[in-house]
Amino acid sequence: MLLLGAVLLLLALPSHGQETPERPEVLPIPKGACAGWMAGIPGHPGHNGTPGRDGRDGTPGVKGEKGDPGFAGPKGDTGETGVTGVEGPRGFPGIPGRKGEPGESAYVYRSAFSVGLETRVTIPNIPIRFTKIFSNQQNHYDGTTGKFYCNIPGLYYFSYHITVYLKDVKVSLYKKDKAVLFTYDQFQDKNVDQASGSVLLYLEKGDQVWLQVYGDGEDNGVYADNVHDSTFTGFLLYHDIE
């Protein structure tokens, strides 16, 4: 840098044999300026200044396109049951539905009979043969033996009504060779009387039930004619589902 300053000074001096030209006006060197100025060493960067104030809000931009729906979140907990509201007004009746298909009929277990006596002749200690049949659709009563034969296990109801005439009457209802019910009626002279009895019995398949005069034959006043009947009836109340 010193060499450059010296060269510039020599160029500024006048050459020999030439008129010294009029010296141009030399501007004063600024105060503090240094002759033969050279650039100094760069200074250190200054400290960051205080952040400026926030600018004004910009103009709203154009509305963007609708984004894709996000993934479904986990199911939330069940909330508490709310208070029951006030009952609303009754609605109009709905249209009747179509008629359903006929269902299969349930099987009904049937066993019943009702029979009467056609003659007053009865023999003690054997089944009384009631041969006047009022009803015996299942043929579970046998008129040739006077016995009812159980084909459907279950609970049965039996009853009998005996016309009493000429003698006293003592009859018994038998089940499986054992008397389970007794009925006695004392004959009143010149009068026709009635004796009856009824019972519920549980029967198993194959059991037999019948009526017979009980004793030695002295109490054999069972009677029947065209205007007086002695009857024997029984029927199933409900079958045993087992």
Side-chain angles (χ1 to χ4, degrees), residues 101-188 191-242:
E101 298 292 335
E104 296 182 2
S105 60
Y107 181 79
V108 179
Y109 294 87
R110 294 184 175 91
S111 180
F113 73 95
S114 183
V115 292
L117 195 64
E118 290 183 298
T119 176
R120 61 177 293 269
V121 178
T122 56
I123 303 174
N125 300 314
I126 64 172
I128 300 174
R129 294 176 59 248
F130 295 86
T131 55
K132 183 188 292 186
I133 307 299
F134 300 114
S135 178
N136 189 28
Q137 293 181 352
Q138 296 80 32
N139 292 318
H140 292 169
Y141 171 81
D142 187 355
T144 61
T145 62
K147 293 182 179 182
F148 168 78
Y149 294 86
C150 176
N151 288 266
I152 304 172
L155 187 67
Y156 287 79
Y157 174 79
F158 295 97
S159 66
Y160 51 87
H161 299 275
I162 304 298
T163 298
V164 181
Y165 186 57
L166 300 178
K167 291 183 179 181
D168 297 343
V169 163
K170 181 183 287 186
V171 295
S172 55
L173 182 77
Y174 275 76
K175 170 190 171 184
K176 296 174 58 176
D177 296 324
K178 181 179 180 181
V180 295
L181 184 66
F182 295 91
T183 298
Y184 176 76
D185 185 83
Q186 189 174 19
F187 172 69
Q188 302 295 326
N191 191 18
V192 177
D193 203 357
Q194 295 285 330
S196 63
S198 60
V199 67
L200 288 172
L201 293 177
Y202 177 81
L203 302 182
E204 296 179 352
K205 188 174 182 178
D207 287 348
Q208 302 172 16
V209 177
W210 68 91
L211 277 176
Q212 72 181 38
V213 174
Y214 188 80
D216 55 8
E218 292 298 323
D219 301 319
N220 189 15
V222 179
Y223 183 79
D225 58 20
N226 59 344
V227 292
H228 298 91
D229 283 306
S230 292
T231 62
F232 181 33
T233 299
F235 55 86
L236 174 67
L237 285 178
Y238 58 83
H239 72 282
D240 190 344
I241 59 175
E242 297 180 358

Within 6.0 Å of CZ in F113, more than 12 heavy atoms from elsewhere: yes

Shortest non-hydrogen contact between F158 and G234, atoms and distance: CD2-CA, 3.7 Å

Flag side-chain contact, heavy atom, 4.5 Å: D207 against K176: yes

Qualifying residues under side-chain contact (heavy atoms from CB on, under 4.5 Å), relative to L166, sequence neighbours excluded: R120

Side-chain touch D185/I162, heavy atoms, less than 4.5 angstrom: no

Main-chain N/O of I123 paired to N125 side chain as donor or acceptor, under 3.5 Å: no

Closest contact, heavy atoms only, Y165 versus N191: CD1-O, 3.7 Å

Donor-acceptor pair, side chain of S230 and main chain of T163, under 3.5 angstrom: yes

Nearest-0.5 Å distance that lies between atom NE2 in H140 and atom CD1 in I152: 5.5 Å

Heavy-atom check, side chain of L211 versus side chain of V222, under 4.5 Å: no

D168 side chain near Y184 side chain, heavy-atom distance below 4.5 Å: yes

Close side-chain approach of Y174 and Q212, heavy atoms under 4.5 Å: yes

Distance, nearest 0.5 Å, that separates NZ of K175 from CD of Q208: 12.0 Å

Shortest non-hydrogen contact between L236 and L155, atoms and distance: CD1-O, 3.5 Å

Side-chain donor/acceptor of R129 to backbone N/O of G146, under 3.5 Å: no

T145 vs W210 side-chain heavy atoms within contact, under 4.5 Å: no

T119 OG1 to I128 CD1 distance, which is reported to the nearest 0.5 Å: 11.5 Å

For H228, all residues meeting ring-ring contact (aromatic ring centres under 6.0 Å, His included), sequence neighbours excluded: none

4.5 Å side-chain heavy-atom contact, F148 and S111: yes

No-hydrogen, no-angle side-chain donor-acceptor test under 3.5 Å, S159 and S198: no

F134 vs T231 side-chain heavy atoms within contact, under 4.5 Å: yes

Salt bridge (Lys or Arg N to Asp or Glu O under 4.0 Å) partners of residues 226-237, not counting sequence neighbours, each pair once: K132-D229

Nearest non-hydrogen partners of G197 and T183, listed with the distance: CA-OG1, 4.2 Å

Aromatic plane relationship, Y141 with F232 - under 30° parallel, 30 to 60° tilted, over 60° perpendicular: perpendicular

ring-ring contact (aromatic ring centres under 6.0 Å, His included) involving Y109 - partner list, sequence neighbours excluded: Y107, H239

L173 versus Y160, closest heavy-atom pair with distance: CB-CE2, 4.3 Å

Qualifying residues under ring-ring contact (aromatic ring centres under 6.0 Å, His included), relative to Y214, sequence neighbours excluded: F182

With sequence neighbours excluded, residues passing salt bridge (charged side-chain N to carboxylate O under 4.0 Å, His left out) with K205: none

